[in-house]
Amino acid sequence: MTGERDGGGRGPLPKHDRTAKDIVTNLVSGAVAGAVAKSTIAPLDRAKITFQVSSKIRFTYLNCYTFLVDSARNEGFRYLWKGNSATMIRIMPYAAISFMSNEHYKNWFRAHSRDRQLSHSKRFLSGSLAGLTASTATYGLEVIRSRMAIHHDYNKIIPSLRKIIKNEGARSLYRGISPTLLGVSIYGGISFYTFGALKEWDPLGKDSLGELSIRRRLLYGAFAGLLGQSISYPLDVTRRRMQTGGSKGDKLERYSTMRKTMKHIAMNEGIRKGLYKGLSLNFIKGPISSSISYTVFDYVNHFFAGKESY
């Protein structure tokens, strides 16, 4: 893939010129990337959520395999993608806003720097702000999607929304938003920074045509996602418990705040088996998802815009 670099430390930008076409291109590219990535790993994501929200089921690869096989056998193969419609409704705008925001913040920081270059701290901050922007805009859909993934009574998006509001109040749609915003600020900063930096540095070297190969993009994206998710993982477990608290017989009080939730999990289940429960599954799921999303975004964005993003 060839294209004009947008200045990620290798030359000044003449001006901060984000046209409507650039914004739409980033939005479409991000939406496609998110949809492809999440649909690919939907069964693994469903298994991860099930183990995360339960304090009784111990995670092992065997238990995960058994869960997937039993679910497919008893409920049908399509059951593994239950809630994926809600996931698409959430992930497409989330990924679209996230990727578009990251490009926007990077360009803004470049335009307001003396040398028109993107420093390491500004690259990290761009990713963090992108995650915060996207999560704030789509958080309610994430709560609905989590309920649909683990509970038989939540089958469709609109009925699930009405049920949550009726039984728990509209504020419940924002339960768990504190650890979510903290988590995405860490994950977004680390993952966007790592992927952009690795593409620019390209430690493995380009191919014979001087291009960054798809294999390297996938590898860099996988490493970026793995690093970001591993560091922010306890916050992911915390937000899942807060989002689904009460939906499986849990008392809401224990999961009412981020501090109470983390303390309850740590004291009753331990750090490794509680706050890091299911992390090993993320070592499979996370790199697959992030490598696909970053690579698809690059190729779709290049197709429409004709330039590389760093």
Side-chain angles (χ1 to χ4, degrees), residues 1-6 8-10 25-48 61 81 84 87-88 91-92 94-96 98-103 106 123-124 126-127 130-131 134 184 186-233 236 278-310:
M1 182 187 299
T2 59
E4 177 188 355
R5 296 195 172 192
D6 63 322
R10 295 193 176 183
T25 296
N26 292 157
L27 287 170
V28 172
S29 302
V32 173
V36 173
K38 277 295 184 180
S39 294
T40 302
I41 52 94
L44 293 176
D45 215 21
R46 177 171 178 76
K48 186 194 76 169
Y61 282 120
W81 274 265
N84 198 49
T87 300
M88 290 300 101
I91 198 60
M92 291 182 73
Y94 175 87
S98 182
F99 278 103
M100 182 276 293
S101 297
N102 183 55
E103 296 301 312
K106 287 192 300 182
R123 185 189 294 278
F124 179 89
S126 296
V184 297
I186 296 172
Y187 171 76
I190 293 174
S191 59
F192 274 121
Y193 169 83
T194 302
F195 185 64
L198 285 175
K199 285 203 304 177
E200 183 179 6
W201 178 34
D202 195 15
L204 298 180
K206 293 180 172 60
D207 60 21
S208 58
L209 297 177
E211 298 180 352
L212 190 64
S213 68
I214 186 171
R215 287 182 295 178
R216 287 185 172 82
R217 290 178 194 275
L218 289 169
L219 182 60
Y220 295 159
F223 181 75
L226 179 61
L227 184 61
Q229 289 183 359
S230 297
I231 294 174
S232 62
Y233 192 79
D236 190 42
L279 177 61
S280 54
L281 178 60
N282 243 38
F283 292 157
I284 300 174
K285 182 188 76 70
I288 295 174
S289 176
S290 57
S291 63
I292 292 174
S293 63
Y294 282 123
T295 302
V296 171
F297 173 81
D298 272 1
Y299 275 89
V300 176
N301 194 63
H302 182 268
F303 176 80
F304 287 111
K307 64 180 180 180
E308 187 74 77
S309 173
Y310 286 87

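Counting from 1, the numbers follow the sequence of the chain as shown.
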Check the pair Leu198 / Trp201 against side-chain contact (heavy atoms from CB on, under 4.5 Å), numbers first and verdict last. CA-CA 5 Å; Leu198 285 175; Trp201 178 34; 4.1 Å; yes

Name every donor-acceptor pair, under 3.5 Å, that has one atom in a side chain of residues 279-286 and the other anywhere in the protein, sequence neighbours excluded.
| unit_1 | atom_1 | unit_2 | atom_2 | d |
| --- | --- | --- | --- | --- |
| Asn282 | ND2 | Gln229 | OE1 | 2.9 |
| Lys285 | NZ | Asp45 | OD1 | 3.4 |

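Summarising the geometry, atom OG belonging to Ser191 is positioned 11.5 Å from atom CD1 belonging to Ile186; distances are rounded to the nearest 0.5 Å. In this structure, OG1 in Thr194 is found 10.0 Å from CZ in Arg123, a value given to the nearest 0.5 Å.
Sorted by first and then second residue, the side-chain hydrogen bond (donor to acceptor under 3.5 Å, both in side chains) pairs involving residues 218-228 (not counting sequence neighbours) are Asp202-Tyr220.
Looking at residues two or more places apart in sequence or on another chain, you find a side-chain contact (heavy atoms from CB on, under 4.5 Å) between Ala31 and Met92, Ala96. Residues that satisfy the side-chain contact (heavy atoms from CB on, under 4.5 Å) test with Ile214, not counting sequence neighbours, are Leu218, Thr295, Tyr299. Applying the side-chain contact (heavy atoms from CB on, under 4.5 Å) test to Ala37 and every residue at least two apart in sequence or in another chain returns Ser289, Ile292, Ser293. Listed by chain and number, the residues in a side-chain contact (heavy atoms from CB on, under 4.5 Å) with Thr25 are Lys21, Ser29, Asn301, Phe304, Ala305 (sequence neighbours excluded).
The aromatic rings of Tyr294 and Phe99 sit perpendicular, their planes meeting at an angle over 60°, well past the 30° parallel limit.
Looking at Trp81, its side chain does come within 3.5 Å of a backbone N or O of Ser39 through a donor-acceptor pair.
Contact check for Phe297 versus Glu103: side-chain heavy atoms found under the 4.5 Å cut-off. Between Ile91 and Tyr94, some side-chain heavy-atom pair lies under the 4.5 Å cut-off. Within the 4.5 Å cutoff, side-chain heavy atoms of Lys48 are placed close to those of Asp236. Side-chain contact between Ile231 and Tyr187 is absent, with no heavy atoms from C-beta onward closer than 4.5 Å.
Here the two rings, on Phe192 and Phe124, have centers that are 6.0 Å apart or farther.
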